[in-house]
Amino acid sequence: MALRVYNTLTGEKEHFVPLVPGKAGMYVCGVTVYDYCHIGHARANVVFDIIFRYLTYAGYDVTYVRNYTDIDDKIINRANQEGVDYRTIADRYIQAFDEDMARLGLAKPTVEPKATDHIGDIIAIIETLIAKGHAYASEGDVYFAVETFPAYLKLSGRNLEEMQAGARVEVGEKKRNPMDFALWKGSKPGEPWWQSPWGQGRPGWHIECSAMSMEFLGKTFDFHGGGKDLIFPHHENEIAQSEAANGCQFVRYWLHNGFVNINSEKMSKSLGNFFTIRQVLDKFDPETLRFFILSAHYRSPIDFSDQNLDEAQAGLERIYACLAAMDEILDGRPTSAELPTVESLPPSGEELSEKIRLLIPRFVEAMDDDFNTAQALGVLFETVRASNRFLAETGEYSPVALSLIAQIRRLFTETGNVLGLFARRPADWLAGIQAAKAGQIDISADEIERLIVERSEARKARDFKRGDEIRDMLLAKGIQLLDSPQGTSWKVK
RNA sequence: GGCGGCGUAGCCAAGUGGUAAGGCAGAGGUCUGCAAAACCUUUAUUCAGCGGUUCAAAUCCGCUCGCCGCCUCCA
């Protein structure tokens, strides 16, 4: 039982061996705060949230750093458009990001540094690079000279000559090589700036991540994550800067999540098939979105569509319904701390007992295999089925049965905590889903309750015709009645 | 053109050498006055196609077909 992770750098799954035993350092590229986050950001952040949680669950003392890039061309452009200071834009979207991530149930990283709080560190690295001959100043800018770093492009597996051959790279006159990239940009009038040895300016994109990761995690650390699209140029450039400056390996395991497609098409602003997290959460429950993201492996592409989200919600409802049933049984009843003995249980109890015994090992096995959340969810669904069966077949709850139910309930809390799921009280979550659906029907809850009473009276009088009439009428309006020995409840279909 | 990935049931999706998880949808059954919910059973002799390696392949190798991503800001 050992964690294996797919490392983009080697293209293979490798056993995770921490740099410092018992500890794990992880840096994930956060957002450039110039706009609201879209569902691609949602996926990336949920994925790394799970990785963070799982590493912690696996016993590592994790330092998780996720930055805000709060100075960049796009932020400046946006500020100019609106006629406000860049800081206004950055702060607004930092706040929006925090709100979105909180709604998606993300755990807070250990540190969430901002690029602009590390300008001094950035300048220090650039000075080192210049001193070592890896960078050069040119008319107020500073560029990294890619030819001085032989390992350049080792992450993306490209080579310099071919990239230049098909070059869509503009040949900046200030650059010696078109592939050189900016470490520092001289500021134009009206732009935000910081004082530097090369005049007033601001950091280029990429260098802030080198500076912040080094500050909080050291020159070499375990994990660096981000979307696949960051492999080139962002991560490639980070490697070049950091390794050239420090003379040692930068990151040991590179992790990259796959893209989100929309209705099987690449998501892009130009296609107009672009959804912000806020737009999606107007329509779907945040936990449903998270569950949907976890239903596929993090490196695979995932297709966002109403149908797929609806299916995810149906699956999540199944689990929550099972948990709600357990909670109802456990509510107010004392449970024995003793483990039930198998001899005293019916066959479905023995099966459940076995599922309980294997749940954590199987869950861990799935997660240890490159964070295979889809497989982990499969394990949970099998447990749901065994639980439902046990509940359905058990009429009277003996102390042993209650203990078993309590135990399985605790395991759902434990695994749910790793996946960021099932934190809500199941009855409340289900009620929330019902309420959301109820917004789409044209009949009030009071009216439904009144009809249910009328129906049960009719049924008591054995007037089934009238009773069925009411049931069918409600069904036509999308209301599904659920009869049980305790009475009749309803839900929106 | 260069680099990389994918193709598993109606749909979504695990599975990297040992004989196809799970979810959704569907069908039959138990329950029910009849239903619904829940539960049970069932739905891929087969993993795009063709060859090869092997005692054994969805899994490894080669070729073909189809789809996609990156190479420009991007999670």
Side-chain angles (χ1 to χ4, degrees), chain A residues 8 11-13 28-32 34-35 37-48 72-74 77 153 156-159 161-170 205 225-234 236 256-261 264-269 291-292 295-297 299-303 305 307-319 321-322 325 348 362 366 369 372-386 388-393 459 462-465 467-468 471-472 474-475 479-484 488-491 493:
Chain A
T8 307
E12 287 173 357
K13 275 188 203 169
V28 172
C29 289
V31 283
T32 299
Y34 73 103
D35 203 350
C37 288
H38 57 245
I39 54 180
H41 294 110
R43 182 182 197 190
N45 282 286
V46 165
V47 161
F48 289 106
D72 170 88
D73 289 354
K74 290 195 288 287
N77 289 155
L153 304 181
S156 51
R158 305 162 198 278
N159 81 63
E161 290 73 34
E162 281 167 1
M163 289 206 61
Q164 288 177 54
R168 276 194 272 174
V169 184
E170 67 193 77
W205 184 43
K228 265 190 161 75
D229 50 343
L230 294 181
I231 294 172
F232 181 87
H234 187 54
E236 205 70 78
H256 294 98
N257 64 276
F259 290 121
V260 176
N261 293 135
S264 309
E265 275 190 320
K266 183 191 167 168
M267 181 175 76
S268 86
K269 281 184 173 169
F291 187 84
F292 167 68
S295 68
H297 185 91
R299 285 189 283 115
S300 307
I302 194 167
D303 191 34
S305 69
Q307 187 192 336
N308 288 346
L309 267 285
D310 285 339
E311 283 184 9
Q313 183 157 95
L316 186 55
E317 275 189 76
R318 179 173 157 83
I319 296 177
C322 175
S348 64
R362 294 179 67 206
D369 185 12
N372 195 332
T373 52
Q375 191 168 69
L377 290 180
V379 174
L380 295 186
F381 272 115
E382 285 186 46
T383 309
V384 165
R385 186 166 46 174
N388 278 336
R389 182 183 305 153
F390 181 68
L391 261 39
E393 289 179 12
R459 292 178 72 207
R462 303 199 66 79
D463 181 359
F464 294 121
K465 184 164 176 293
D468 291 353
R471 186 178 67 199
D472 294 345
L474 285 172
L475 190 59
I479 307 300
Q480 182 77 67
L481 296 185
L482 305 174
D483 291 328
S484 81
T488 300
S489 58
W490 60 278
K491 68 172 193 175
K493 205 178 176 188

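Chain A is the first sequence line, chain B the second, and so forth, proteins listed ahead of strands; every chain is numbered from 1. Hydrogens, waters and symmetry mates are skipped; everything else that's a heavy atom, side chains included, is used.
- Checking B/A37 for Watson-Crick or G-U wobble geometry (two distances, each under 3.5 Å) identifies no partner in any strand.
- A salt bridge links A/Lys13 with A/Asp369: the closest approach of a Lys/Arg side-chain nitrogen to an acidic carboxylate oxygen falls below 4.0 angstrom.
- Comment: A/Arg362 engages A/Glu382 in a salt bridge, judged by a side-chain N to carboxylate O separation of less than 4.0 angstrom.
- Residues A/Arg299 and A/Asn257 have side chains not in contact (no heavy-atom distance under 4.5 Å, counting atoms from C-beta outward).
- Residue contacts for A/Asp472: at a heavy-atom cut-off of 4.0 Å it reaches no nucleic acid atom on any strand shown.
- Phosphate contact (OP1/OP2 of B/G33, side-chain N/O of A/Arg459, threshold under 4.0 Å): absent.
- Across the protein-nucleic acid pair, A/Leu377 atom CG and B/C12 atom P stand 18 Å apart, rounded to whole Å.
- B/C24 is paired with B/G10 under the Watson-Crick or G-U wobble criterion, all donor-acceptor distances under 3.5 Å.
- B/U72 makes up no base pair with any nucleotide shown, lacking Watson-Crick or G-U wobble contacts both under 3.5 Å.
- Side-chain N/O atoms of A/Glu382 and base N/O atoms of B/G22 include no donor-acceptor pair closer than 3.5 Å.
- Phosphate contact (OP1/OP2 of B/A75, side-chain N/O of A/Asn45, threshold under 4.0 Å): absent.
- Separation of the C1' atoms belonging to B/A9 and B/U45 is 13 Å when rounded to the nearest angstrom.
- For the pair A/Ala296 and A/Asn388, nearest-nucleotide mapping onto RNA chain B gives the more 5' position to A/Ala296.
- Between A/Arg471 and B/A36, a side-chain N or O to OP1/OP2 separation shorter than 4.0 Å is absent.
- Between A/Cys29 and A/Glu311, the residue anchored closer to the 5' end of RNA chain B is A/Glu311, taking for each the nucleotide with the nearest heavy atom.
- Of the C1' atoms belonging to B/U64 and B/C24, the separation is 34 Å, rounded to the nearest Å.
- If you check every strand for non-hydrogen atoms under 4.0 Å, A/Lys266 touches sugar and phosphate atoms only.
- Residue contacts for A/Val260: at a heavy-atom cut-off of 4.0 Å it reaches a base atom on one of the strands shown.
- Look at A/Ser300 and you'll find a side-chain N or O under 4.0 angstrom from OP1 or OP2 of B/A14.
- Here, B/C3 and B/A44 have their P atoms 41 Å apart, quoted to the whole Å.
- Distances shorter than 4.0 Å separate none of the side-chain N or O atoms of A/Arg318 from OP1 or OP2 on B/A25.
- Using the Watson-Crick or G-U wobble rule with both distances under 3.5 Å, B/C63 pairs with B/G49.
- When both distances must be under 3.5 Å, the Watson-Crick or G-U wobble mate of B/U32 does not exist.
- Counting non-hydrogen atoms under 4.0 angstrom, A/Leu230 reaches the backbone sugars and phosphates but no base.
- Taking the P atoms as reference points, B/A48 lies 24 Å from B/C55, given to the whole Å.
- No side-chain heavy atom of A/Asn77 sits less than 4.5 Å from a side-chain heavy atom of A/Tyr34.
- At a threshold of 4.0 angstrom between heavy atoms, the contacts of A/Gly467 with the nucleic acid are absent.
- Rounded to a whole angstrom, the distance from the C1' atom of B/U43 to that of B/G26 is 8 Å.
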> Are A/Thr373 and A/His297 close enough, and set up right, to give a side chain to side chain contact (heavy atoms under 4.5 Å, CB included), and what steps lead you there?
Replying inline: CA-CA 6 Å; A/Thr373 52; A/His297 185 91; over 6 Å; no

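- Taking atom P in both B/A13 and B/C68, one finds a spacing of 16 Å when rounded to whole Å.
- If you check every strand for non-hydrogen atoms under 4.0 Å, A/Arg43 touches nothing.
- When the C1' atom is compared between B/U19 and B/U46, the two are found 11 Å apart, to the nearest whole Å.
- Using a cutoff of 4.0 Å between basic side-chain nitrogens and carboxylate oxygens, A/Arg471 and A/Asp483 are not scored as salt-bridged.
- At a threshold of 4.5 Å between non-hydrogen side-chain atoms, the residues A/Phe259 and A/Lys228 count as touching.
- Shown here, B/A58 forms no base pair; nothing in the strands shown gives a Watson-Crick or G-U wobble contact with both key distances under 3.5 Å.
- Using a 4.0 Å heavy-atom cutoff across all strands shown, A/Gly40 reaches at least one base atom of the nucleic acid.
- Stacking annotation: A/Phe464 is stacked on the base of B/G33 (ring centroids less than 5.5 angstrom apart, interplanar angle below 30 degrees).
- The residue A/Lys491 sits apart from the nucleic acid: no heavy atom pair falls under 4.0 Å.
- Using a 4.0 Å heavy-atom cutoff across all strands shown, A/Ser156 reaches sugar-phosphate atoms only and no base atom.
- Residue contacts for A/His297: at a heavy-atom cut-off of 4.0 Å it reaches the sugar-phosphate backbone alone, with no base atom in range.
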